[in-house]
There are 2 protein chains.
Amino acid sequence: MATRARRPQRRSEALSRERIVAAAVELLDTAGEGGLTFRALTERLATGAGAIYWHVANKDELLDAATDAVVAAALAVEPTGAADPRDEIRAVALGLFDAIDEHPWLATQLATELSRSPSGTVTPRILESIGRRVRALGVREDSWFLAATVLVQYILGGAAQNAANARVLGPGANRDEFLGTVSKVWEELDPDEYPFIRAVAEQMRDHDDREQFLAGIDLVLSGITTLYVPGE
Amino acid sequence: MATRARRPQRRSEALSRERIVAAAVELLDTAGEGGLTFRALTERLATGAGAIYWHVANKDELLDAATDAVVAAALAVEPTGAADPRDEIRAVALGLFDAIDEHPWLATQLATELSRSPSGTVTPRILESIGRRVRALGVREDSWFLAATVLVQYILGGAAQNAANARVLGPGANRDEFLGTVSKVWEELDPDEYPFIRAVAEQMRDHDDREQFLAGIDLVLSGITTLYVPGE
DNA sequence: ACCTGAACACCGTTCAAGT
DNA sequence: ACCTGAACACCGTTCAAGT
C-alpha cells in the first residue's frame with residue numbers, strides 16, 4: 001500500500017516529441033529547474049534514455065522546446081477587439097507576466113534564450129506580438145525595431161524579476177512576511193553606503209508586483225509616445 | 001617539452017576566499033559558464049576540493065561572490081562631477097553594459113541573482129547607484145522605488161540581451177555576417193505570421209548595440225520625467 | 001585552523017543490441 | 001524506424017585523515 005507504483009503511465013502510448021516536452025514542462029513546474037533530469041523523465045515516461053534522445057537532440061533543445069511551448073500558449077490568447085494598442089500591449093505583457101508566474105523556470109530560460117539558437121523562435125514570437133501594436137501606436141517607421149525591442153526587454157526583465165521574488169518565496173509562503181524581512185534588512189544597511197535603499201525600504205515592502213509591472217509598461221509607453229510618435 | 005606542467009602556481013600562496021573568487025572569475029571569462037568546475041578550480045589553485053569548501057559554502061555561493069566582485073568593480077568607477085543626473089545614469093548603465101560585455105556569464109547570473117539570497121548584495125548595489133540619480137532627477141518621492149526599479153530592470157535586460165548576442169558570436173566572429181544571417185532568416189519567415197519581424201529585419205541588421213541601448217535608456221528617462229517629475 | 005584526496009551519489013550522453 | 005538499458009565520462013559535495 002505504501003509503495004504504490006508511481007504512474008505506470010498507460011503502457012506505451014507511443015512516445016513523441018510533444019509528449020516528451022509536455023512531461024518536461026510538468027517536471028519543471030513541479031520540481032523546479034533542477035528537477036528536469038533525463039532519469040526523472042525516463043521514469044515518468046516509462047522508457048529508456050535512448051528513446052528520448054531519438055526525439056530530442058539534447059537537454060538544451062528540450063529546454064528550448066519547453067520554453068517555446070509555454071510562450072506560444074501564453075501568446076495564443078491574443079487580445080482581440082481592444083481598440084487601443086496600448087491596452088493590447090498591456091494584455092500581452094500581462095499574459096507573459098502570468099506565464100512566468102505560473103512557470104518560474106521561464107524567467108531564467110527566457111533570459112538565456114537569446115544566447116542560444118540564432119534562429120530561435122521564442123524571441124521573434126514575442127517581438128512580433130509586441131511589434132504589431134507598436135506599429136499601430138503610430139511610431140515612426142525608423143524606430144519600430146528600437147521601440148519594440150525596448151518594450152520586450154522591459155517586459156521580460158520585469159516579469160523575470162517578479163518570478164524571482166515568487167521563487168524565493170516558494171509556494172504557500174507568506175509574501176508580506178518575506179517583504180517585511182527584506183525591508184528590515186534594507187533599513188539596517190549602512191546609511192552612508194546605502195541612503196537610497198534605506199529610503200525606499202518601505203515602498204519596497206508595500207509595493208504590489210502587478211501594479212508596479214504595469215506602471216513600468218506605462219512608463220515605457222509614455223517614453224515611446226513622447227520620443228517616437230510624430231505629432232504628440 | 002610538450003607536456004609542460006600547467007601553472008604550478010607559486011607553491012602555496014595561502015588560499016583565501018579572494019584568491020578563489022578571482023580564479024573563478026578567470027575561469028568563467030576564459031572557459032565560459034560551463035568552465036567553472038571544482039576540478040578545474042582545484043587544478044588552477046593547486047589544491048584539493050576540500051580546501052575550497054573550507055572557504056566557500058558551495059558553487060552557488062561562489063558564483064554569487066564572483067558576480068558581486070565584478071559588479072562592484074563596475075560600479076566603483078562612479079562618474080563624478082557630471083552635472084546632469086541623466087548623464088550619470090547613462091554612465092552607470094554603460095559601465096554595467098561594458099561589464100556584461102566583458103564577462104558574458106554575468107548576464108545569466110544577474111538574471112537569476114534575484115532568485116537567490118533575499119539579502120543579496122548585488123541588486124541593492126545597483127539599485128542604490130541608479131536610485132540616487134533618480135532622486136537627483138527630481139522624481140516625486142512616492143515614485144522613487146518604481147522609477148529606479150524600472151530603470152534597473154531595463155539596464156540589466158538590455159545589457160543581458162547584448163551579451164547574449166556577443167556570446168552567440170563568440171570571440172573573433174564576424175558580427176555583421178551574423179546579423180546578416182539572422183536578418184535573412186527573419187525576412188524569410190511566414191508573411192502572415194510574422195509581418196512585423198519581416199518589416200524590421202533590415203533595421204535589426206543595421207542596428208548598433210550601444211546606440212540602441214542608450215536610446216532605450218533615454219526612452220525610459222523620458223517616461224520617468226513625463227510621468228513622475230512634477231512640473232515638467 | 002586549514003588542507004588533502006579518495007569516495008559517493010548523481011548527471012548528460014552514447015551505443016550496441018533488440019524489435 | 002523506434003526503443004532498451006548498461007556503460008562512460010564528468011560533476012558537486014562529503015569526510016576521515018593529515019598538518
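Just so it is clear, the values below take in all heavy atoms, side chains as well, and ignore hydrogens, waters and symmetry mates. Below, chain A is the first sequence line, B the second, and so on; all start at residue 1. These figures come from a predicted structure and were not determined experimentally.
Within the 4.0 angstrom heavy-atom criterion, no nucleotide atom of any strand lies near Leu62(B). Counting non-hydrogen atoms under 4.0 angstrom, Leu36(B) reaches the backbone sugars and phosphates but no base.
Mapping heavy-atom proximity under 4.0 Å, the span of DNA chain C touched by chain A runs 5' to 3' from dC11(C) to dC15(C).
Closest of all the heavy-atom pairs between Val134(B) and Ala148(B) is CG2-CA, 4.0 Å.
Each of Gly34(A) and Ala49(A) lies near DNA chain C, and the nucleotide nearest Gly34(A) is the one positioned closer to the 5' end. Between Lys59(B) and Gly50(B), the residue whose closest nucleotide on DNA chain D is further toward the 5' end is Lys59(B).
Judged as a side chain to side chain contact (heavy atoms under 4.5 Å, CB included), and not counting sequence neighbours, the contacts of Ser16(A) are Glu18(A), Arg19(A). Evaluation of the side-chain hydrogen bond (donor to acceptor under 3.5 Å, both in side chains) rule for Arg210(A) yields Asp98(A) as partners, not counting sequence neighbours. Annotation: side chain to side chain contact (heavy atoms under 4.5 Å, CB included) contacts of Glu202(B) (sequence neighbours excluded): Arg205(B), Asp206(B). With sequence neighbours excluded, no residue forms a side-chain hydrogen bond (donor to acceptor under 3.5 Å, both in side chains) with Arg198(A). Remark: His55(B) engages no residue in a side-chain hydrogen bond (donor to acceptor under 3.5 Å, both in side chains) (not counting sequence neighbours). Applying the side-chain hydrogen bond (donor to acceptor under 3.5 Å, both in side chains) test to Glu128(A) and every residue at least two apart in sequence or in another chain returns Arg132(A).
Where pairing requires Watson-Crick or G-U contacts shorter than 3.5 Å, the helical stems of DNA chain D with at least three consecutive pairs are C:4-8 with D:12-16, C:12-16 with D:4-8.
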Please list every donor-acceptor pair under 3.5 Å in which a side-chain atom of residues 149-158 of chain B meets a protein atom from a residue at least two apart or in another chain.
unit_1: Thr149(B); atom_1: OG1; unit_2: Phe145(B); atom_2: O; d: 2.6
unit_1: Gln153(B); atom_1: NE2; unit_2: Gln161(A); atom_2: OE1; d: 3.4
unit_1: Tyr154(B); atom_1: OH; unit_2: Phe213(B); atom_2: O; d: 3.3

